[in-house]
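Since the structure comes first, as C-alpha coordinates, the remarks are kept for the end.
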Amino acid sequence: MTTSMTEWSGPAIGLLDLDAFFASVEQLDHPQWRGKPVIVGGSPERRGVVSTASYEARRFGVHSAMPSYQAKRLCPDAIWTQGHFDRYRQMSARVMQTILDETPLVEQVSIDEAFFDVTPGRFSRESPIAICRRIQGRVAELGVTCSIGLGTSKTVAKIASERQKPRGMTVVLPGTEAAFLAPLPVSAMSGVGKATEARLRQMGVATLGQLARQDPERMRRALGVAGPSLVTRAAGREVSRVRERAKPEAAKSVSNERTFAHDLTTREDVAAAVRMVSQMVGTRLRSKGLRGHQVTLKLKFSYDKTRTAQRQLDAPTDDEHVFGAQALRLLDDVWHEGTPVRLVGVGVSGFGPEAPRQRQLELFSPEAGENDEATAPGRHRDLRALSVAADEVRSRFGKGSLSLGSELRLRESASDTAPMNKEAD
DNA sequence: TCTGGGGTCCTAGGACCC
DNA sequence: TCTGGGGTCCTAGGACCC
(Lines give C-alpha, C1' and ligand atoms only; values in the text may rest on other atoms or scores of the structure.)
Protein backbone atom coordinates (compact mmCIF):
# COMPACT_ATOMS: atom_id res chain seq x y z
CA MET A 1 0.00 0.00 0.00
CA THR A 2 1.39 3.37 -0.91
CA THR A 3 -0.11 6.67 -0.08
CA SER A 4 1.41 10.01 -0.77
CA MET A 5 0.77 13.03 1.33
CA THR A 6 -1.78 14.32 -1.12
CA GLU A 7 -3.96 11.29 -0.50
CA TRP A 8 -4.04 11.75 3.27
CA SER A 9 -6.48 14.43 4.35
CA GLY A 10 -6.98 15.47 7.94
CA PRO A 11 -5.19 14.29 11.05
CA ALA A 12 -2.90 11.25 11.04
CA ILE A 13 -2.59 9.59 14.41
CA GLY A 14 -0.57 6.46 15.09
CA LEU A 15 -0.75 4.06 18.01
CA LEU A 16 2.30 1.95 18.68
CA ASP A 17 1.82 -1.15 20.83
CA LEU A 18 4.77 -3.31 21.80
CA ASP A 19 4.16 -7.01 21.13
CA ALA A 20 4.01 -9.18 24.27
CA PHE A 21 6.35 -6.59 25.68
CA PHE A 22 7.48 -8.01 29.03
CA ALA A 23 7.91 -11.51 27.63
CA SER A 24 9.80 -10.13 24.62
CA VAL A 25 12.25 -8.29 26.84
CA GLU A 26 12.82 -11.48 28.82
CA GLN A 27 13.54 -13.36 25.60
CA LEU A 28 15.85 -10.60 24.47
CA ASP A 29 17.78 -10.81 27.74
CA HIS A 30 17.74 -14.62 27.90
CA PRO A 31 18.62 -15.92 24.43
CA GLN A 32 18.02 -19.49 25.60
CA TRP A 33 14.34 -18.57 26.15
CA ARG A 34 13.76 -17.48 22.55
CA GLY A 35 11.28 -19.62 20.68
CA LYS A 36 9.97 -21.04 23.95
CA PRO A 37 6.83 -20.31 25.96
CA VAL A 38 7.62 -17.61 28.52
CA ILE A 39 5.15 -16.34 31.11
CA VAL A 40 5.62 -13.17 33.14
CA GLY A 41 3.31 -13.16 36.12
CA GLY A 42 2.55 -14.13 39.70
CA SER A 43 3.16 -17.66 40.85
CA PRO A 44 0.41 -20.28 40.60
CA GLU A 45 0.80 -21.13 44.30
CA ARG A 46 0.15 -17.58 45.38
CA ARG A 47 -3.05 -16.66 43.62
CA GLY A 48 -1.10 -14.95 40.89
CA VAL A 49 -2.24 -14.06 37.39
CA VAL A 50 -0.50 -13.89 34.04
CA SER A 51 0.81 -10.48 33.15
CA THR A 52 2.21 -11.30 29.72
CA ALA A 53 2.58 -14.54 27.79
CA SER A 54 5.01 -14.89 24.90
CA TYR A 55 3.45 -15.83 21.58
CA GLU A 56 4.78 -19.36 22.04
CA ALA A 57 2.82 -19.60 25.30
CA ARG A 58 -0.29 -18.11 23.73
CA ARG A 59 -0.47 -21.07 21.38
CA PHE A 60 -1.34 -23.14 24.45
CA GLY A 61 -4.25 -20.82 25.22
CA VAL A 62 -2.45 -18.77 27.84
CA HIS A 63 -3.31 -15.07 27.90
CA SER A 64 -3.03 -11.96 30.05
CA ALA A 65 -5.04 -11.83 33.29
CA MET A 66 -5.50 -15.59 33.32
CA PRO A 67 -5.07 -17.14 36.78
CA SER A 68 -1.57 -18.54 36.92
CA TYR A 69 -2.67 -21.98 38.12
CA GLN A 70 -4.74 -22.26 34.95
CA ALA A 71 -1.83 -21.16 32.76
CA LYS A 72 0.35 -23.74 34.48
CA ARG A 73 -2.16 -26.43 33.61
CA LEU A 74 -2.35 -25.37 29.97
CA CYS A 75 1.38 -24.98 29.56
CA PRO A 76 3.27 -26.90 32.25
CA ASP A 77 6.65 -26.46 30.56
CA ALA A 78 6.48 -22.70 30.31
CA ILE A 79 9.36 -20.66 31.66
CA TRP A 80 8.09 -18.44 34.49
CA THR A 81 9.40 -15.15 35.74
CA GLN A 82 8.03 -12.53 38.10
CA GLY A 83 9.34 -9.79 35.86
CA HIS A 84 12.05 -7.15 35.87
CA PHE A 85 10.35 -3.80 35.87
CA ASP A 86 13.29 -1.49 35.93
CA ARG A 87 14.48 -3.22 32.80
CA TYR A 88 11.04 -2.88 31.13
CA ARG A 89 10.93 0.81 32.00
CA GLN A 90 14.39 1.30 30.54
CA MET A 91 13.44 -0.48 27.32
CA SER A 92 10.18 1.45 27.15
CA ALA A 93 12.05 4.74 27.44
CA ARG A 94 14.25 3.81 24.49
CA VAL A 95 11.20 3.00 22.39
CA MET A 96 9.55 6.29 23.31
CA GLN A 97 12.70 8.16 22.38
CA THR A 98 12.71 6.37 19.04
CA ILE A 99 9.22 7.67 18.29
CA LEU A 100 10.21 11.14 19.45
CA ASP A 101 13.08 11.09 16.98
CA GLU A 102 10.50 10.77 14.20
CA THR A 103 7.83 13.19 15.39
CA PRO A 104 7.79 15.67 18.28
CA LEU A 105 4.23 15.01 19.44
CA VAL A 106 4.07 11.75 21.40
CA GLU A 107 1.62 10.73 24.12
CA GLN A 108 2.72 7.72 26.11
CA VAL A 109 -0.35 6.00 27.49
CA SER A 110 1.28 3.08 29.26
CA ILE A 111 4.61 1.35 29.52
CA ASP A 112 4.09 -0.32 26.14
CA GLU A 113 1.82 2.05 24.20
CA ALA A 114 1.99 5.52 22.74
CA PHE A 115 -0.01 7.71 20.39
CA PHE A 116 1.89 9.96 18.02
CA ASP A 117 0.86 12.67 15.60
CA VAL A 118 2.14 12.37 12.03
CA THR A 119 -0.37 14.67 10.35
CA PRO A 120 1.11 15.62 6.95
CA GLY A 121 2.29 19.18 6.83
CA ARG A 122 2.28 19.57 10.59
CA PHE A 123 5.83 18.53 11.43
CA SER A 124 6.90 17.02 8.14
CA ARG A 125 5.63 16.64 4.61
CA GLU A 126 6.32 12.95 4.55
CA SER A 127 3.70 10.25 4.17
CA PRO A 128 2.40 9.11 7.57
CA ILE A 129 2.67 5.53 6.43
CA ALA A 130 6.33 5.92 5.58
CA ILE A 131 7.02 7.40 9.00
CA CYS A 132 5.22 4.51 10.72
CA ARG A 133 7.20 1.97 8.73
CA ARG A 134 10.43 3.61 9.76
CA ILE A 135 9.42 3.69 13.42
CA GLN A 136 8.57 0.01 13.25
CA GLY A 137 11.95 -0.80 11.78
CA ARG A 138 13.88 1.26 14.28
CA VAL A 139 12.02 -0.30 17.21
CA ALA A 140 12.87 -3.75 15.87
CA GLU A 141 16.54 -2.76 15.95
CA LEU A 142 16.18 -2.31 19.72
CA GLY A 143 15.36 -6.00 20.01
CA VAL A 144 11.59 -5.89 20.51
CA THR A 145 8.78 -5.66 18.00
CA CYS A 146 5.66 -3.56 17.78
CA SER A 147 2.37 -3.27 15.98
CA ILE A 148 1.08 0.05 14.72
CA GLY A 149 -2.37 1.34 13.88
CA LEU A 150 -2.74 4.48 11.81
CA GLY A 151 -5.93 6.48 11.36
CA THR A 152 -7.55 9.88 11.67
CA SER A 153 -8.44 9.50 15.37
CA LYS A 154 -7.17 7.79 18.50
CA THR A 155 -10.07 5.38 18.55
CA VAL A 156 -9.38 4.22 15.01
CA ALA A 157 -5.61 4.05 15.52
CA LYS A 158 -5.99 1.99 18.68
CA ILE A 159 -8.40 -0.51 17.19
CA ALA A 160 -6.33 -0.73 14.01
CA SER A 161 -3.21 -1.55 16.01
CA GLU A 162 -4.89 -4.68 17.33
CA ARG A 163 -5.93 -6.05 13.95
CA GLN A 164 -2.62 -7.56 12.99
CA LYS A 165 -0.30 -8.66 15.75
CA PRO A 166 2.53 -9.19 16.17
CA ARG A 167 4.62 -6.95 13.90
CA GLY A 168 1.54 -5.71 12.10
CA MET A 169 0.68 -2.40 10.60
CA THR A 170 -2.92 -1.52 9.87
CA VAL A 171 -3.80 1.68 8.04
CA VAL A 172 -7.33 3.04 7.97
CA LEU A 173 -7.41 5.62 5.22
CA PRO A 174 -9.31 8.89 5.72
CA GLY A 175 -12.94 8.42 4.78
CA THR A 176 -12.98 4.68 5.43
CA GLU A 177 -13.31 4.88 9.24
CA ALA A 178 -17.02 4.09 9.49
CA ALA A 179 -16.76 1.06 7.22
CA PHE A 180 -13.72 -0.20 9.12
CA LEU A 181 -15.43 0.09 12.51
CA ALA A 182 -18.99 -0.97 11.65
CA PRO A 183 -18.65 -4.78 11.76
CA LEU A 184 -16.58 -4.88 14.94
CA PRO A 185 -18.10 -5.80 18.32
CA VAL A 186 -18.63 -2.88 20.70
CA SER A 187 -16.08 -4.39 23.07
CA ALA A 188 -13.34 -3.64 20.52
CA MET A 189 -13.49 0.01 21.54
CA SER A 190 -11.66 1.14 24.65
CA GLY A 191 -14.07 2.41 27.25
CA VAL A 192 -16.47 -0.45 26.60
CA GLY A 193 -15.89 -3.12 29.21
CA LYS A 194 -17.98 -6.03 30.41
CA ALA A 195 -20.68 -3.93 32.07
CA THR A 196 -21.17 -1.52 29.18
CA GLU A 197 -21.12 -4.34 26.68
CA ALA A 198 -23.89 -6.14 28.61
CA ARG A 199 -25.92 -2.96 28.87
CA LEU A 200 -25.60 -2.31 25.16
CA ARG A 201 -26.51 -5.88 24.35
CA GLN A 202 -29.73 -5.44 26.32
CA MET A 203 -30.49 -2.47 24.13
CA GLY A 204 -29.91 -4.51 21.00
CA VAL A 205 -26.55 -2.92 20.23
CA ALA A 206 -23.81 -5.44 19.47
CA THR A 207 -21.58 -3.81 16.84
CA LEU A 208 -19.91 -0.45 16.50
CA GLY A 209 -22.02 0.15 13.39
CA GLN A 210 -25.18 -0.21 15.46
CA LEU A 211 -23.72 1.94 18.20
CA ALA A 212 -22.91 4.66 15.69
CA ARG A 213 -26.60 4.91 14.76
CA GLN A 214 -27.87 5.37 18.34
CA ASP A 215 -29.41 8.56 19.62
CA PRO A 216 -26.69 10.22 21.74
CA GLU A 217 -29.23 11.39 24.31
CA ARG A 218 -30.54 7.87 24.76
CA MET A 219 -26.99 6.69 25.31
CA ARG A 220 -26.41 9.41 27.85
CA ARG A 221 -29.41 8.24 29.83
CA ALA A 222 -28.27 4.63 29.64
CA LEU A 223 -24.53 5.05 30.16
CA GLY A 224 -23.98 8.46 31.72
CA VAL A 225 -21.76 11.25 30.46
CA ALA A 226 -19.61 8.88 28.40
CA GLY A 227 -22.64 7.76 26.35
CA PRO A 228 -22.73 10.42 23.61
CA SER A 229 -18.98 10.25 23.01
CA LEU A 230 -19.20 6.48 22.51
CA VAL A 231 -21.58 7.14 19.60
CA THR A 232 -19.25 9.70 18.04
CA ARG A 233 -16.23 7.43 18.43
CA ALA A 234 -18.04 4.38 17.05
CA ALA A 235 -18.93 6.41 13.98
CA GLY A 236 -15.30 7.28 13.39
CA ARG A 237 -16.10 10.97 13.80
CA GLU A 238 -14.08 11.57 16.94
CA VAL A 239 -11.83 14.60 16.91
CA SER A 240 -8.86 13.64 19.05
CA ARG A 241 -5.75 15.39 20.09
CA VAL A 242 -2.41 13.85 20.94
CA ARG A 243 -1.16 15.47 24.12
CA GLU A 244 2.24 15.21 25.65
CA ARG A 245 2.04 12.97 28.63
CA ALA A 246 1.15 14.44 31.97
CA LYS A 247 4.06 14.57 34.35
CA PRO A 248 4.35 11.80 36.93
CA GLU A 249 4.10 14.45 39.64
CA ALA A 250 0.55 14.93 38.52
CA ALA A 251 -0.37 11.64 40.21
CA LYS A 252 -3.66 11.83 42.06
CA SER A 253 -3.20 8.88 44.38
CA VAL A 254 -0.57 6.45 45.58
CA SER A 255 -1.65 3.03 46.77
CA ASN A 256 -0.42 -0.47 47.39
CA GLU A 257 -2.31 -3.67 47.92
CA ARG A 258 -1.38 -7.27 48.63
CA THR A 259 -3.22 -10.49 48.11
CA PHE A 260 -2.25 -13.18 50.58
CA ALA A 261 -1.71 -16.79 49.70
CA HIS A 262 -3.89 -17.69 52.67
CA ASP A 263 -6.76 -15.61 53.96
CA LEU A 264 -6.19 -13.61 57.13
CA THR A 265 -8.76 -13.98 59.89
CA THR A 266 -7.33 -12.58 63.11
CA ARG A 267 -7.24 -8.92 64.00
CA GLU A 268 -3.54 -9.22 64.70
CA ASP A 269 -2.78 -10.48 61.20
CA VAL A 270 -5.02 -8.01 59.41
CA ALA A 271 -3.63 -5.11 61.43
CA ALA A 272 -0.08 -6.24 60.65
CA ALA A 273 -1.01 -6.36 56.97
CA VAL A 274 -2.38 -2.82 57.13
CA ARG A 275 0.87 -1.63 58.70
CA MET A 276 2.97 -3.48 56.15
CA VAL A 277 1.08 -2.06 53.18
CA SER A 278 1.02 1.42 54.76
CA GLN A 279 4.78 1.29 55.01
CA MET A 280 5.08 0.53 51.29
CA VAL A 281 2.84 3.49 50.49
CA GLY A 282 4.78 5.77 52.85
CA THR A 283 8.08 4.91 51.19
CA ARG A 284 6.68 5.66 47.76
CA LEU A 285 5.06 8.92 48.89
CA ARG A 286 8.36 10.13 50.31
CA SER A 287 10.31 9.11 47.25
CA LYS A 288 7.86 11.07 45.08
CA GLY A 289 7.71 14.01 47.47
CA LEU A 290 3.94 13.76 47.83
CA ARG A 291 1.75 14.34 50.87
CA GLY A 292 -1.95 13.59 50.87
CA HIS A 293 -4.82 14.43 53.17
CA GLN A 294 -7.03 11.44 52.48
CA VAL A 295 -6.46 7.78 53.32
CA THR A 296 -8.36 4.81 51.90
CA LEU A 297 -8.48 1.30 53.28
CA LYS A 298 -9.47 -1.53 50.98
CA LEU A 299 -10.30 -5.08 51.98
CA LYS A 300 -11.19 -7.92 49.66
CA PHE A 301 -13.04 -10.84 51.19
CA SER A 302 -13.61 -12.91 48.10
CA TYR A 303 -13.09 -12.47 44.40
CA ASP A 304 -16.13 -10.23 44.01
CA LYS A 305 -16.65 -8.82 47.49
CA THR A 306 -14.64 -5.70 48.24
CA ARG A 307 -15.17 -2.97 50.78
CA THR A 308 -13.47 0.38 51.06
CA ALA A 309 -13.48 3.11 53.66
CA GLN A 310 -11.82 6.47 53.53
CA ARG A 311 -11.17 9.35 55.83
CA GLN A 312 -9.83 12.88 55.69
CA LEU A 313 -6.66 13.63 57.60
CA ASP A 314 -6.12 16.82 59.57
CA ALA A 315 -3.10 17.73 57.48
CA PRO A 316 -1.35 16.35 54.39
CA THR A 317 1.12 13.64 55.32
CA ASP A 318 3.56 11.13 53.83
CA ASP A 319 4.14 9.28 57.09
CA GLU A 320 2.68 5.82 57.51
CA HIS A 321 2.62 6.31 61.25
CA VAL A 322 -0.04 8.96 60.68
CA PHE A 323 -2.14 7.67 57.78
CA GLY A 324 -1.56 4.04 58.77
CA ALA A 325 -3.06 4.70 62.21
CA GLN A 326 -6.13 6.15 60.50
CA ALA A 327 -6.33 3.16 58.18
CA LEU A 328 -6.30 0.90 61.22
CA ARG A 329 -9.25 2.79 62.67
CA LEU A 330 -11.17 2.35 59.45
CA LEU A 331 -10.74 -1.39 59.86
CA ASP A 332 -13.62 -1.57 62.31
CA ASP A 333 -15.96 0.18 59.84
CA VAL A 334 -15.63 -2.52 57.21
CA TRP A 335 -14.56 -5.69 58.94
CA HIS A 336 -15.13 -7.79 62.02
CA GLU A 337 -12.71 -10.35 63.33
CA GLY A 338 -13.21 -13.80 61.86
CA THR A 339 -14.22 -12.75 58.35
CA PRO A 340 -11.51 -14.05 56.00
CA VAL A 341 -9.54 -11.31 54.25
CA ARG A 342 -7.71 -12.13 51.03
CA LEU A 343 -6.43 -8.66 50.12
CA VAL A 344 -5.46 -5.56 52.05
CA GLY A 345 -4.90 -2.22 50.34
CA VAL A 346 -4.02 1.26 51.55
CA GLY A 347 -4.07 4.41 49.45
CA VAL A 348 -3.29 8.08 50.01
CA SER A 349 -4.80 10.79 47.83
CA GLY A 350 -5.66 14.46 47.93
CA PHE A 351 -2.31 15.98 47.03
CA GLY A 352 -3.82 19.32 46.09
CA PRO A 353 -2.15 22.42 47.48
CA GLU A 354 -5.06 23.57 49.60
CA ALA A 355 -5.70 22.14 53.03
CA PRO A 356 -8.84 20.10 53.55
CA ARG A 357 -11.77 21.86 55.11
CA GLN A 358 -11.11 22.15 58.81
CA ARG A 359 -13.51 20.04 60.74
CA GLN A 360 -13.91 21.53 64.16
CA LEU A 361 -15.51 18.39 65.50
CA GLU A 362 -12.36 16.34 65.15
CA LEU A 363 -10.49 18.41 67.68
CA PHE A 364 -12.76 17.20 70.43
CA SER A 365 -13.70 13.78 69.21
CA PRO A 366 -12.70 10.85 71.41
CA GLU A 367 -10.91 9.25 68.47
CA ALA A 368 -8.13 11.80 68.89
CA GLY A 369 -7.37 10.17 72.22
CA GLU A 370 -4.04 9.50 73.85
CA ASN A 371 -4.04 5.80 73.03
CA ASP A 372 -3.34 6.71 69.43
CA GLU A 373 -0.24 5.32 67.84
CA ALA A 374 0.68 8.80 66.75
CA THR A 375 -1.13 11.86 67.93
CA ALA A 376 1.12 14.29 69.70
CA PRO A 377 2.96 16.55 67.23
CA GLY A 378 6.37 15.86 68.76
CA ARG A 379 5.82 12.15 68.47
CA HIS A 380 4.80 12.66 64.84
CA ARG A 381 8.15 14.17 64.05
CA ASP A 382 10.05 11.38 65.77
CA LEU A 383 8.12 8.70 63.94
CA ARG A 384 8.51 10.33 60.57
CA ALA A 385 12.25 10.54 61.13
CA LEU A 386 12.11 6.84 61.86
CA SER A 387 10.28 6.22 58.58
CA VAL A 388 12.86 8.17 56.62
CA ALA A 389 15.69 6.28 58.28
CA ALA A 390 13.97 3.00 57.49
CA ASP A 391 13.63 4.03 53.82
CA GLU A 392 17.37 4.51 53.79
CA VAL A 393 18.10 1.08 55.25
CA ARG A 394 15.70 -0.62 52.85
CA SER A 395 17.17 1.10 49.83
CA ARG A 396 20.68 0.09 50.84
CA PHE A 397 20.13 -3.44 52.03
CA GLY A 398 16.96 -4.51 50.29
CA LYS A 399 13.27 -4.39 50.99
CA GLY A 400 13.22 -7.36 53.34
CA SER A 401 16.00 -6.01 55.52
CA LEU A 402 13.72 -4.19 57.91
CA SER A 403 10.30 -5.20 59.04
CA LEU A 404 8.27 -5.46 62.17
CA GLY A 405 8.19 -8.89 63.74
CA SER A 406 4.49 -9.23 63.12
CA GLU A 407 5.05 -8.54 59.44
CA LEU A 408 7.47 -11.35 58.92
CA ARG A 409 4.93 -14.09 58.67
CA LEU A 410 2.87 -11.98 56.30
CA ARG A 411 5.77 -11.25 54.04
CA GLU A 412 6.23 -14.93 53.58
CA SER A 413 2.70 -15.44 52.38
CA ALA A 414 2.16 -12.24 50.43
CA SER A 415 2.62 -12.52 46.71
CA ASP A 416 5.84 -11.02 45.55
CA THR A 417 5.62 -7.85 43.57
CA ALA A 418 3.28 -9.04 40.91
CA PRO A 419 3.78 -7.35 37.59
CA MET A 420 1.01 -5.23 36.27
CA ASN A 421 -1.02 -6.60 33.47
CA LYS A 422 0.19 -4.73 30.47
CA GLU A 423 -2.28 -6.04 27.99
CA ALA A 424 -5.99 -5.80 27.51
CA ASP A 425 -7.83 -8.81 28.80
C1' DT B 1 -5.93 -24.28 46.99
C1' DC B 2 -9.71 -20.64 40.46
C1' DT B 3 -9.15 -14.83 39.14
C1' DG B 4 -3.00 -9.41 40.72
C1' DG B 5 -1.76 -4.54 41.19
C1' DG B 6 -1.65 0.40 40.24
C1' DG B 7 -4.17 3.72 38.64
C1' DT B 8 -8.30 7.21 36.73
C1' DC B 9 -12.89 8.66 36.40
C1' DC B 10 -17.92 8.58 37.32
C1' DT B 11 -22.16 8.17 40.17
C1' DA B 12 -25.20 8.69 43.82
C1' DG B 13 -26.60 9.81 48.41
C1' DG B 14 -26.08 12.49 52.57
C1' DA B 15 -24.20 16.48 55.14
C1' DC B 16 -23.85 21.11 55.32
C1' DC B 17 -24.11 25.98 53.96
C1' DC B 18 -26.47 30.08 52.43
C1' DT C 1 -47.27 22.78 59.48
C1' DC C 2 -46.75 19.84 53.72
C1' DT C 3 -40.01 21.64 54.07
C1' DG C 4 -36.75 25.10 48.47
C1' DG C 5 -32.96 24.92 45.96
C1' DG C 6 -28.20 25.43 44.34
C1' DG C 7 -23.44 24.43 45.45
C1' DT C 8 -19.80 21.89 47.49
C1' DC C 9 -17.69 18.41 50.20
C1' DC C 10 -17.40 13.74 51.66
C1' DT C 11 -17.99 8.85 51.21
C1' DA C 12 -18.69 4.14 49.12
C1' DG C 13 -18.84 1.60 45.27
C1' DG C 14 -18.12 0.44 40.58
C1' DA C 15 -16.36 0.54 35.61
C1' DC C 16 -12.48 0.61 33.10
C1' DC C 17 -7.52 0.64 31.50
C1' DC C 18 -2.94 -1.68 30.98
Side-chain angles (χ1 to χ4, degrees), chain A residues 15 17-18 20-22 40-52 63-74 82-83 85 88 92 108-114 158 162 187 189-199 220 223-227 229-230 246 248 250-263 277 280-281 284 288 293-300 302-313 330 333-334 340 342-350 352 354 356-361 413-425:
Chain A
L15 187 275
D17 186 318
L18 290 159
F21 180 46
F22 297 168
V40 181
S43 87
E45 294 80 27
R46 291 185 174 179
R47 294 174 163 171
V49 298
V50 173
S51 176
T52 313
H63 58 76
S64 292
M66 172 181 277
S68 295
Y69 85 95
Q70 203 176 327
K72 186 90 185 170
R73 242 181 21 211
L74 289 170
Q82 304 261 1
F85 293 90
Y88 306 154
S92 172
Q108 184 173 354
V109 288
S110 71
I111 194 165
D112 70 338
E113 268 183 46
K158 167 80 174 159
E162 287 156 6
S187 57
M189 194 164 73
S190 73
V192 178
K194 269 194 160 89
T196 303
E197 183 187 13
R199 188 88 180 84
R220 196 194 54 74
L223 303 170
V225 289
S229 67
L230 289 185
K252 305 213 164 112
S253 67
V254 171
S255 65
N256 281 100
E257 58 190 55
R258 275 296 170 271
T259 295
F260 297 93
H262 305 285
D263 290 350
V277 176
M280 296 191 278
V281 173
R284 287 176 59 220
K288 292 167 183 275
H293 66 255
Q294 181 169 265
V295 62
T296 302
L297 174 71
K298 173 176 169 182
L299 296 182
K300 203 159 165 183
S302 63
Y303 179 59
D304 57 358
K305 181 81 181 105
T306 298
R307 291 207 61 186
T308 63
Q310 56 182 255
R311 166 186 283 248
Q312 301 295 311
L313 304 171
L330 289 168
D333 295 352
V334 290
R342 72 181 282 132
L343 171 148
V344 172
V346 174
V348 171
S349 53
E354 77 282 17
R357 191 171 54 164
Q358 198 61 42
R359 290 194 305 172
Q360 203 66 21
L361 216 64
S413 69
S415 302
D416 282 346
T417 47
M420 74 177 119
N421 172 18
K422 50 159 282 295
E423 279 166 29
D425 300 347

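A quick note: this is a predicted structure, and the numbers were derived from the prediction, not measured. Chain letters run A, B, ... following the sequence lines, proteins first and then strands; every chain starts at 1.
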Along DNA chain B (nearest heavy atom to each residue), the more 5'-positioned of A:L343 and A:Y69: A:Y69

Whichever of A:R342 and A:S255 has its nearest DNA chain B nucleotide further upstream toward 5':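 Its nearest nucleotide lies further toward 5', so the answer is A:R342.
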
I need the [atom1]-[atom2] distance between [X] and [N], as an integer number of Å.
{"X": "A:K194", "N": "C:dC16", "atom1": "NZ", "atom2": "P", "value": "10 Å"}
{"X": "A:H63", "N": "B:dC2", "atom1": "NE2", "atom2": "P", "value": "18 Å"}
{"X": "A:Y88", "N": "C:dC18", "atom1": "OH", "atom2": "P", "value": "19 Å"}
{"X": "A:M189", "N": "C:dC17", "atom1": "CE", "atom2": "P", "value": "10 Å"}
{"X": "A:R307", "N": "C:dG14", "atom1": "CZ", "atom2": "C1'", "value": "14 Å"}
{"X": "A:F22", "N": "B:dG6", "atom1": "CZ", "atom2": "P", "value": "13 Å"}
{"X": "A:Y303", "N": "B:dG4", "atom1": "OH", "atom2": "P", "value": "7 Å"}
{"X": "A:I111", "N": "C:dC18", "atom1": "CD1", "atom2": "P", "value": "14 Å"}

Parallel, tilted or perpendicular, as decided by the 30° and 60° cut-offs, for the rings of A:Y88 and A:F22: parallel

Check whether any side-chain N or O of [X] sits under 4.0 Å from OP1 or OP2 of [N], and answer yes or no.
{"X": "A:R47", "N": "B:dG4", "result": "no"}
{"X": "A:N256", "N": "B:dG6", "result": "yes"}
{"X": "A:K300", "N": "B:dG4", "result": "yes"}

What pair of heavy atoms forms the shortest contact from [X] to [Y], and how long is it?
{"X": "A:Q310", "Y": "A:T296", "result": "CB-OG1, 3.5 Å"}
{"X": "A:V334", "Y": "A:A309", "result": "CG1-CB, 3.8 Å"}
{"X": "A:L330", "Y": "A:L297", "result": "C-CD2, 3.9 Å"}
{"X": "A:Q108", "Y": "A:A114", "result": "CA-CB, 3.9 Å"}

Indicate, with a heavy-atom threshold strictly under 4.0 Å, whether [X] touches base, sugar-phosphate, or nothing.
{"X": "A:R73", "value": "nothing"}
{"X": "A:D304", "value": "nothing"}
{"X": "A:K305", "value": "nothing"}
{"X": "A:T306", "value": "nothing"}

Anti or syn - C:dC2, cut at 90° from 0: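 C:dC2: anti glycosidic orientation.
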
Listed nucleotide nearest any side-chain atom of A:T196, set C:dC17, C:dA15, B:dT3: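 Closest of the options to the side chain of A:T196: C:dA15.
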
A:E113, nearest nucleotide to its side chain (from C:dC18, B:dG6, B:dT3): C:dC18

A:T52 side chain vs A:F21 backbone, donor-acceptor pair below 3.5 Å: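 Pair absent, no side-chain N/O of A:T52 close to backbone of A:F21.
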
Check: A:G347 main-chain N/O paired with A:S255 side-chain donor or acceptor under 3.5 Å: no

Qualifying residue, where the test is side-chain contact (heavy atoms from CB on, under 4.5 Å) with A:R342 and the options are A:K305, A:R258, A:H262, A:R47: A:R47

Stem segments of DNA chain C by first residue number [Watson-Crick or G-U, under 3.5 Å, at least 3]: B:5-18 with C:5-18

Same-atom distance (C1') from B:dG4 to C:dC16, integer angstrom: 16 Å

Report, one pair per line, the protein and nucleotides 8-13 of chain B atoms (nitrogen or oxygen only) whose separation is under 3.5 Å.
{"unit_1": "B:dT8", "atom_1": "OP1", "unit_2": "A:K252", "atom_2": "N", "d": "2.8"}
{"unit_1": "B:dT8", "atom_1": "OP2", "unit_2": "A:S253", "atom_2": "N", "d": "3.3"}
{"unit_1": "B:dT8", "atom_1": "OP2", "unit_2": "A:S253", "atom_2": "OG", "d": "2.7"}
{"unit_1": "B:dC9", "atom_1": "OP1", "unit_2": "A:K252", "atom_2": "NZ", "d": "3.4"}
{"unit_1": "B:dC9", "atom_1": "OP2", "unit_2": "A:K252", "atom_2": "NZ", "d": "3.0"}
{"unit_1": "B:dT11", "atom_1": "OP1", "unit_2": "A:V225", "atom_2": "N", "d": "3.1"}

Pairwise side-chain contact, A:S349 with A:K252, heavy-atom cut-off 4.5 Å (strictly under): no

A:E257 side chain reached by A:K300 side chain, heavy atoms, under 4.5 Å: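 No, their side chains stay 4.5 Å or more apart.
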
Inter-residue atom distance A:S110.OG - A:D17.CG, 0.5 Å rounding: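 Between A:S110 OG and A:D17 CG, I get 7.0 Å after rounding to 0.5 Å.
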
